[in-house]
Amino acid sequence: METKFKVGDHVTCKSFGPLKHNFSGTIEKIYENSALVRLDEFDPEDKIAVGDLHSQAIVKLTSIVMYGKEFKPEKKKSAKKKNKKPTKKTTKKKASK
């Protein structure tokens, strides 16, 4: 899979796992579908989580945008309506004597 990112790019990433807010960082390594990001800027509320992660995170490439760009709003998956035909319930009639 070809990616639009390269090592050294400054990026913004969506929050995930222990991180409650979006964060910014520098790409250190690119994998097939993810990247190793060194966390540079993050919300103070996430300070403990960043410490636990040793200021690094593996992030999906789909959750990364170039620094300064906005994330596109997520498309809501609409529930497909299936045209089900109404079914008749069959009940057993008790035989009367």
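Values below: all heavy atoms of this structure, side chains included; hydrogens, waters and symmetry mates excluded. Counting from 1, the numbers follow the sequence of the chain as shown.
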Where [X] and [Y] come nearest, the two heavy atoms and their spacing:
| X | Y | result |
| --- | --- | --- |
| I27 | A35 | CG2-CB, 4.3 Å |
| A49 | P18 | CB-O, 3.7 Å |
| H54 | R38 | O-NH1, 3.6 Å |

Assess whether side chain to side chain contact (heavy atoms under 4.5 Å, CB included) is satisfied between F42 and N22, documenting all intermediate values.
CA-CA 7 Å; F42 51 88; N22 294 347; over 6 Å; no
Atom [atom1] of [X] and atom [atom2] of [Y]: how far apart are they, to the nearest 0.5 Å?
| X | Y | atom1 | atom2 | result |
| --- | --- | --- | --- | --- |
| Y67 | E41 | OH | CD | 4.0 Å |
| L61 | N33 | CG | CG | 6.5 Å |
| L53 | L39 | CG | CG | 7.0 Å |
| H21 | D43 | NE2 | CG | 4.0 Å |
| I64 | K4 | CD1 | NZ | 9.5 Å |

With the side chain counted from C-beta on, respond yes when [X] and [Y] share a heavy-atom pair under 4.5 Å apart, and no when they do not.
| X | Y | value |
| --- | --- | --- |
| V50 | L19 | yes |
| D46 | F23 | no |
| M66 | D9 | yes |
| H10 | D40 | yes |
| V11 | T26 | no |

Do V37 and V7 sit in one hydrophobic cluster, given that two such residues count as connected whenever their side-chain heavy atoms are within less than 4.5 Å of each other, even indirectly?
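Cluster IDs for V37 and V7 differ.
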Is there a side chain to side chain contact (heavy atoms under 4.5 Å, CB included) between T12 and K69? Walk through the geometry before answering.
CA-CA 8 Å; T12 301; K69 294 196 176 183; over 6 Å; no
